[in-house]
Amino acid sequence: MKYFGDTIGGTMRFSSNAKPYVLLVIAGTVLLLGYVYFSFFSERLNRDIPIDEDQKSTRLLYKQPSVLVGRTDVVAVTPWLAPIVWEGTFDPVLVDNIYKPMNLTIATTVFAIGKYVRFLQDFLETAEEHFMVGFHVRYYVFTDRPHDVPSVNLSQGRHLSVIQVPGSNRWQEISARRMEIIQTTIERQIRREADYIFCLDVDSKFHARWGSESLGRLVAVIHPGYYEQTRDRFPYERRPASTAYIPMDEGDYYYGGAMIGGFVEDVYTLTKVCRTRFEEDAGNSIEAAWQEESHLNRYLLYNKPSKVLSPEYLWQDFKAKTKEVKVIRFSGVIKNYAEVRPNV
């Protein structure tokens, strides 16, 4: 520490030879503090989201957190240090107090193509009860049957836009085309109207809170059918000729395609890349095993999500609740695929 002067604890006297080192240390400190500030407030800085300065002086009473006591039956963090959100791993009052003063708007896309429009009313009504309550929400409903979109009473600050899109004779094509439609709609509209976006499946219902604990730069959900399986049993695309290819000895989790979320711009990048890869496969007469879900899993393997939602956020009604799942927040409803899909 001689470079910094004669003493550390008292007044420091610098020699002329020490000045370059002092300036270097000061510059480094400023850069470090800037990095910490940017990292901590990165979500608030997106689209110049305002911060309510008054919240700093507001008293908030909540149970003291512990580093020794908590969920021990599940893993709550990924190897790359992204949270895995389970019931019992967050305090909803505390999390809401962080995000609600930011005056956020959440975009929510849903596709109601063909007979799937019948699921839209339950989706919207249960979303109004449980999804992002207290936040501004903009629903974007893509449908080939705009006249069949039900009228649902929306809470203040929540809006619904109906966007007409073509139908299809193949459900696989509908699934694959979602990436393209979401990408173009973000370009034309959503990026000017929202901070975060969640792309959800219409044949689903909300059952319990889905709130600000789910917000992050890039958010994925673990598929309920495979969270107990090893990676070699995941239904990844295994053909090397496909741009969605994942080798047998690679993979983190199997993510469900029924939910994609995060910052609008991060989801835009994801949809753009997946669309490009899908079109490249199509040019080579290849269709990935599970269409957009296969390309999503490939993307997330090499672009790790910053937050992972547990299967609570994507359950299946035909599946019995397991001991790990304390709360079912969102689930796919039971249906006759042969009746609602244009092809099976």
Side-chain angles (χ1 to χ4, degrees), residues 43-44 46-47 49-52 55 83-87 89-112 119-142 150 152-163 182 185-186 189-221 256 258-268 305-315 327-332:
E43 295 189 356
R44 290 176 169 176
N46 184 54
R47 294 182 70 248
I49 298 170
I51 303 172
D52 183 356
Q55 66 177 307
I84 304 177
V85 184
W86 297 86
E87 175 70 8
T89 63
F90 66 93
D91 186 316
V93 174
L94 179 57
V95 174
D96 281 349
N97 189 67
I98 294 170
Y99 283 98
K100 284 189 174 179
M102 297 184 197
N103 195 33
L104 299 170
T105 297
I106 316 299
T108 308
T109 66
V110 62
F111 285 73
F119 301 111
L120 190 54
Q121 183 152 0
D122 276 352
F123 175 91
L124 292 171
E125 288 181 349
T126 58
E128 283 299 288
E129 186 178 354
H130 300 294
F131 179 72
M132 292 295 173
V133 175
F135 288 88
H136 301 293
V137 173
R138 288 187 172 271
Y139 300 103
Y140 299 85
V141 176
F142 301 99
V152 175
N153 292 326
L154 303 180
S155 302
Q156 184 177 0
R158 298 164 82 96
H159 306 275
L160 187 149
S161 298
V162 178
I163 301 172
I182 294 169
T185 308
I186 289 175
Q189 184 175 357
I190 296 176
R191 64 171 30 143
R192 298 191 303 273
E193 298 178 343
D195 306 294
Y196 291 88
I197 183 171
F198 286 93
C199 310
L200 305 174
D201 273 5
V202 70
D203 52 337
S204 309
K205 295 172 63 174
F206 294 88
H207 303 278
R209 172 196 166 99
W210 179 322
S212 56
E213 74 280 354
S214 64
L215 296 176
R217 292 205 66 92
L218 185 60
V219 183
V221 63
M259 198 294 298
I260 306 168
F263 276 165
V264 169
E265 293 303 322
D266 288 70
V267 174
Y268 172 76
S306 62
K307 184 171 287 186
V308 176
L309 304 182
S310 70
E312 297 171 2
Y313 294 81
L314 184 61
W315 202 246
V327 177
I328 296 175
R329 304 181 188 277
F330 185 65
S331 68

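Source: prediction; values computed, not measured.
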- Query: With no hydrogens and no angle check, do the side chains of R158 and Y139 hold a donor and an acceptor under 3.5 Å apart?
  - Reply: yes
- Message: I want to check something: taking the side chain as every heavy atom from C-beta on, are E265 and I197 in contact at a cut-off of under 4.5 Å?
- Response: no
- For the residue pair T105 and V137, establish whether any side-chain heavy-atom pair is separated by less than 4.5 Å. no
- Please work out whether the ring planes of W210 and F330 are parallel, tilted or perpendicular, with thresholds of 30° and 60°. perpendicular
- Message: Determine whether D195 and R138 satisfy the following criterion, salt bridge (Lys or Arg N to Asp or Glu O under 4.0 Å), listing intermediate values before the conclusion.
- Response: CA-CA 11 Å; D195 306 294; R138 288 187 172 271; over 6 Å; no
- Report yes or no: is the cationic atom of R329 (NZ for Lys, CZ for Arg) closer than 6.0 Å to the six-membered ring centre of F206, at no more than 45° off its axis? no
- Query: Does atom NZ of K100 have more than 12 heavy-atom neighbours, drawn from other residues, nucleotides or ligands, at distances under 6.0 Å?
  - Reply: yes
- Message: With no hydrogens and no angle check, just 3.5 Å: does a side-chain donor-acceptor pair link H207 and T126?
- Response: no
- How about M132 and F198: do any of their side-chain heavy atoms sit closer than 4.5 Å? yes
- Note on the structure: Taking every heavy atom of L120 against every heavy atom of P150, the minimum-distance pair comes out as CD2-CD, 3.7 Å
- So, the side chain of E312 versus the backbone of E87: is there a donor-acceptor pair under 3.5 Å, distance only? yes
- Item | Separation between CG of L124 and CG of N153, rounded to the nearest 0.5 Å | 11.5 Å
- Item | Sidechain-backbone polar pair: K307 side chain, L215 backbone, donor-acceptor under 3.5 Å | yes
- Item | Under 3.5 Å donor-acceptor, T89 side chain and W86 backbone | yes
- Query: Are the side chain of D201 and the backbone of D203 linked by a donor-acceptor contact shorter than 3.5 Å?
  - Reply: no
- Identify the two heavy atoms, one from P83 and one from S306, that lie closest to each other, and give their separation to 0.1 Å. CD-O, 3.3 Å
- Under a 4.5 Å cut-off applied to non-hydrogen side-chain atoms, are F142 and V110 in contact? no
- Query: Does E128 reach the main-chain N or O of S155 with its side chain, forming a donor-acceptor pair under 3.5 Å?
  - Reply: yes
- Test side chain to side chain contact (heavy atoms under 4.5 Å, CB included) on I260 and V267 and set out the steps. CA-CA 7 Å; I260 306 168; V267 174; 4.2 Å; yes
- Item | Donor-acceptor contact present, side-chain S310 to main-chain V85, <3.5 Å | yes
